[in-house]
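A short worksheet on the structure shown next.
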Amino acid sequence: MHGSESGSEPGATGGSGVDHAFLALERELAVFLRRARANSGEMAREVHPELEAAAYGLLVRLESAGQQRATDLAAYFGVGKATMSRQLRALEDLGLVAREPDPADGRAFLVHLTTEGLDRYRSVRDARRERYVRKLDDWDRAEVAELARLLHHLNARAED
């Protein structure tokens with residue numbers, strides 16, 4: 001039987017005004033996010049011992065979207081230009097990204113992963129995927145696909 005600890009149906013308030021389904025969702029997302037932040041720090045260090053956890057997301061974005069302007073990256077992550085500039089400079093100093101003039105606007109630069117940055121990132125990403133495979137090896141593939149679908153749906157709503 002699926003339900004809250006009180007045995008009521010998911011979403012039921014039990015007269016308390018508290019929606020237990022959303023309370024459970026909030027609790028599980030908090031645990032998930034705490035672990036995700038810790039994992040980002042570990043993955044960043046695996047890419048390079050001096051890489052900040054916050055900068056790991058930049059590697060993810062550059063690998064998936066290709067070269068980007070710093071202003072576009074700042075907008076995507078919801079950070080200021082100064083913060084983005086500092087993170088990109090640190091990645092550049094580590095040899096993980098490079099900048100080149102934007103052919104469409106000579107005043108702007110495009111940021112891209114270097115070969116070393118791409119190799120290091122993919123190595124860590126592949127190892128992370130293997131950990132997911134091991135942790136979820138007793139799940140049915142349809143359950144994994146459903147979790148991915150639901151997370152995608154949640155993420156798409158967050159961007160609205």
Side-chain angles (χ1 to χ4, degrees), residues 1-47 51-88 90-91 96-97 102 104 108-113 117-118 120-160:
M1 174 175 162
H2 297 289
S4 71
E5 292 175 8
S6 66
S8 62
E9 290 299 312
T13 61
S16 66
V18 174
D19 188 322
H20 294 284
F22 281 97
L23 191 61
L25 174 64
E26 180 181 20
R27 184 175 47 247
E28 295 304 324
L29 281 174
V31 171
F32 182 79
L33 291 171
R34 186 181 73 244
R35 287 184 177 151
R37 279 190 293 275
N39 285 339
S40 278
E42 290 171 19
M43 289 183 294
R45 285 185 297 280
E46 288 175 29
V47 169
L51 183 64
E52 293 181 25
Y56 181 80
L58 286 168
L59 302 179
V60 174
R61 179 66 179 166
L62 289 169
E63 197 274 339
S64 66
Q67 60 185 8
Q68 304 269 296
R69 286 184 178 189
T71 53
D72 294 335
L73 287 167
Y76 179 82
F77 286 103
V79 299
K81 291 178 187 178
T83 298
M84 183 55 57
S85 183
R86 182 184 60 78
Q87 288 180 344
L88 290 173
L91 287 170
L96 302 174
V97 302
D102 184 346
F109 288 89
L110 293 173
V111 180
H112 62 89
L113 290 171
L118 185 60
R120 285 175 176 248
Y121 165 74
R122 285 184 175 166
S123 174
V124 170
R125 180 201 60 197
D126 293 348
R128 179 187 61 203
R129 283 185 183 161
E130 283 302 314
R131 286 192 296 268
Y132 286 144
V133 168
R134 284 192 308 275
K135 285 182 180 184
L136 302 177
D137 70 343
D138 60 338
W139 285 35
D140 183 275
R141 295 281 293 180
E143 291 175 316
V144 175
E146 180 66 1
L147 177 59
R149 186 190 70 77
L150 291 170
L151 287 172
H152 175 77
H153 189 61
L154 180 64
N155 287 331
R157 290 281 176 109
E159 292 178 4
D160 291 344

Short side-chain to backbone donor-acceptor contact, D137 and V133, under 3.5 Å:
no
So which of L62, L113, L59 actually passes side-chain contact (heavy atoms from CB on, under 4.5 Å) with L91?
L59
For a quick test of reading the model, state the closest non-hydrogen atom pair linking G41 to A53 and the distance between them.
CA-CB, 3.6 Å
So that I can tick it off, tell me whether R125 and E63 are bridged by a salt bridge, with the cut-off set at under 4.0 angstrom between side-chain N and carboxylate O.
yes
Which side-chain N or O atoms in residues 142-150 pair as donor and acceptor under 3.5 Å with protein atoms at least two apart or in another chain?
| unit_1 | atom_1 | unit_2 | atom_2 | d |
| --- | --- | --- | --- | --- |
| E143 | OE1 | D140 | N | 2.9 |
| E146 | OE1 | R149 | NE | 3.0 |
| E146 | OE2 | R149 | NH2 | 2.9 |

Any idea which heavy atoms bring A55 and Q87 closest together, and the distance?
N-NE2, 4.5 Å
Heavy-atom nearest pair, A74 first then G80, reads CB-O, 4.2 Å
Quick check: do R61 and F77 have side-chain heavy atoms less than 4.5 Å from each other?
yes
Which residue pairs pass the side-chain hydrogen bond (donor to acceptor under 3.5 Å, both in side chains) test when at least one of the two sits in residues 32-44, sequence neighbours left out?
none
Is the closest side-chain heavy-atom distance between L58 and L96 below 4.5 Å?
no
Report yes or no: does R157 contribute a side-chain atom to a donor-acceptor pair with the main-chain N or O of H153 at less than 3.5 Å?
no
Heavy-atom donor-acceptor pair, S85 side chain to K81 backbone, under 3.5 Å:
no
Can you find a pair of side-chain heavy atoms, one from L110 and one from Q68, that are under 4.5 Å apart?
no
Among residues two or more places apart or on two chains, list those pairs meeting ring pair (Phe, Tyr, Trp, His ring centres under 6.0 Å) that have a residue in residues 51-76.
Y56-Y121
